[in-house]
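Chain A is the first sequence line, chain B the second, and so forth, proteins listed ahead of strands; every chain is numbered from 1.
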Protein chains: 2
Amino acid sequence: MARKQGSHAGITGPKVQEVALRLFAQAGFAAVSMRQIAAEVGVQAGALYNYTADKQALLFDLLRDHMMELGRALDAADLRGTPPAQLEAFTRFHIAFHLPRRDVVFLSYMELRNLSPENYVRIAALRRGYEDRLEAILRAGLQTGDFALRDPRVTTLGLIALLTGITNWYDPGGRLTAAEVAEVYCDLVRRAVTAGPDLPERPAETFARDAHAGKA
Amino acid sequence: MARKQGSHAGITGPKVQEVALRLFAQAGFAAVSMRQIAAEVGVQAGALYNYTADKQALLFDLLRDHMMELGRALDAADLRGTPPAQLEAFTRFHIAFHLPRRDVVFLSYMELRNLSPENYVRIAALRRGYEDRLEAILRAGLQTGDFALRDPRVTTLGLIALLTGITNWYDPGGRLTAAEVAEVYCDLVRRAVTAGPDLPERPAETFARDAHAGKA
DNA sequence: GTCTATAGTCTGATAGAC
DNA sequence: GTCTATCAGACTATAGAC
């Protein structure tokens, strides 16, 4: 111990990402200094620049890696069956993926504004791709008549906000297990969009006059 | 014009709050300097300290004023009638109040971590009071049999996340008017919690074993 | 790959003139 | 109530020794 110098590639690199993620999530990107990160990693500030071009690249890499892992995990998930079955599978996938990653989820929403314009566009495109996967399920269910909803795009954004919001309050040591929370939310999501005999009077898609224009 | 000195109480004071809110929301509390705020207000940095004890008091005052105005506005809203009517009124109120205040809503979620512990407790208590108003409506609807849901507390937090999420994507110049968005969300909220003849098999409140313990 | 040292700039907050 | 001037420290990023 007490080694003050030497080569640690393969150890320091991942540790920089880990520490930066934790500190950014706790205090905010702008509030965390490169010296703080270096101190927790166990090196001097200058050494960080062997692993990142600058502070903002550190943030971008964290967000990009998160979004790409999300996409890969969804690809690997089993989202077959009828639209209601797909919706339940998506709901459970979203909760299961996001709940253990509360730090980076918080970062993904809070620190987009600290990305450069080009980097922002890249992250936003990845997010849009994920949203589109849910929207496709909702549209399929409209076609089959399983779902009744006024606007697939807005409903998509609403459901994702509903589900992602869990990460803001969930306490692993709290009253409910993650599985119990997932049950509550599966119910909410399913009932929010399911066509039922009690509510036939409203048109399914009142505001779809420009549904593919890109804007929400 | 070109006046460099003089007394402007009653003008500068509110302007400091305005500018601070806008800059904090745009760039984050930690990323905004007192000099930046002063420059946009049109004074020198030192003059700000006539209006705030320090930078953090500026943030706390913004959040406290917002939460107290929210409470007063809800008190003034017409939330009578059956639980379903109350729920629709709450939904419309929440959207109407939050949509024109996107900056401070964003601040209220993102910058809680930059409050001192005492200040955090005060803001959290105000928020909890607001959440409890919705939870009371849900519990009333469970009693009357109008609503069916598994957990009033979790459902409350879910619905608030759903509704508040609108502020993250809504574009006043976009495809939908605020009134149209409100219709979509009224539908989602109502259907998510309404007891219907199609879904009688699930218990209304499976996880309520500790519903008043304080933790979600 | 990590160290030390440093350049150049910005920070929150205060003091005292007017 | 606002100004100017200033303190003491922190910041990102780089240079060069090892």
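Scanning both residues, Ala182(A) and Ile95(A), for their nearest heavy atoms gives CA-CD1, 3.8 Å.
Remark: Tyr51(A) is in phosphate contact with dT2(C), judged by side-chain N or O atoms under 4.0 Å from OP1 or OP2. In this model, the phosphate group of dC10(C) is not approached by any side-chain N or O of Ser33(B) to a distance below 4.0 Å at OP1 or OP2. Distances shown here put every side-chain N or O of Gln44(A) at or beyond 4.0 Å from the OP1 or OP2 atom of dT2(C). Taking 4.0 angstrom as the limit, Thr12(A) places a side-chain polar atom (N or O) nearer than this to OP1 or OP2 of dT2(C).
As a whole-Å value, the separation of Tyr49(A) OH from dG16(D) P is 18 Å. Residue Leu58(B) contributes atom CG, which lies 10 Å from atom P of dA13(C) at whole-angstrom precision. Between the P atom of dT14(C) and the CZ atom of Arg35(B) lies a distance of 13 Å, rounded to the nearest Å. Going from atom NZ of Lys15(A) over to atom C1' of dT2(C) covers 14 Å, rounded to whole Å. In this entry the distance linking CG of Leu48(B) with C1' of dG12(C) reads 11 Å, nearest Å. The nearest whole Å value for the distance from the CG atom in Asn50(B) to the P atom in dT2(D) is 6 Å. Regarding Gln56(B), its CD atom lies at a distance of 18 Å from the P atom of dT11(C), rounded to whole Å. The distance from atom CE of Met34(A) to atom P of dC11(D) is 11 Å, rounded to the nearest whole Å.
Residue whose closest nucleotide on DNA chain D sits further toward the 5' end, between Gln36(A) and Ala53(A): Gln36(A). Both Gly46(A) and Ala31(A) sit near DNA chain D, but only Ala31(A) has its closest nucleotide nearer the 5' end.
Between Arg22(A) and Glu18(A) there is no salt bridge, since none of the side-chain N atoms of the basic residue sits less than 4.0 Å from a carboxylate O of the acidic one.
In this structure, a donor-acceptor pair under 3.5 Å is present between the side chains of Tyr130(A) and His94(A).
Between dA13(D), dG12(C), dT2(D), one nucleotide has an atom nearer to the side chain of Lys55(A) than all others, and that is dA13(D).
Taking the ring centre of Phe106(A) as origin, the terminal cationic atom of Arg102(A) falls outside the region bounded by 6.0 Å and 45° from the ring axis.
Residue contacts for Val32(B): at a heavy-atom cut-off of 4.0 Å it reaches the sugar-phosphate backbone alone, with no base atom in range.
Counting heavy-atom neighbours within 6.0 Å of Tyr120(B) OH, excluding the residue itself, gives a total of 12 or less.
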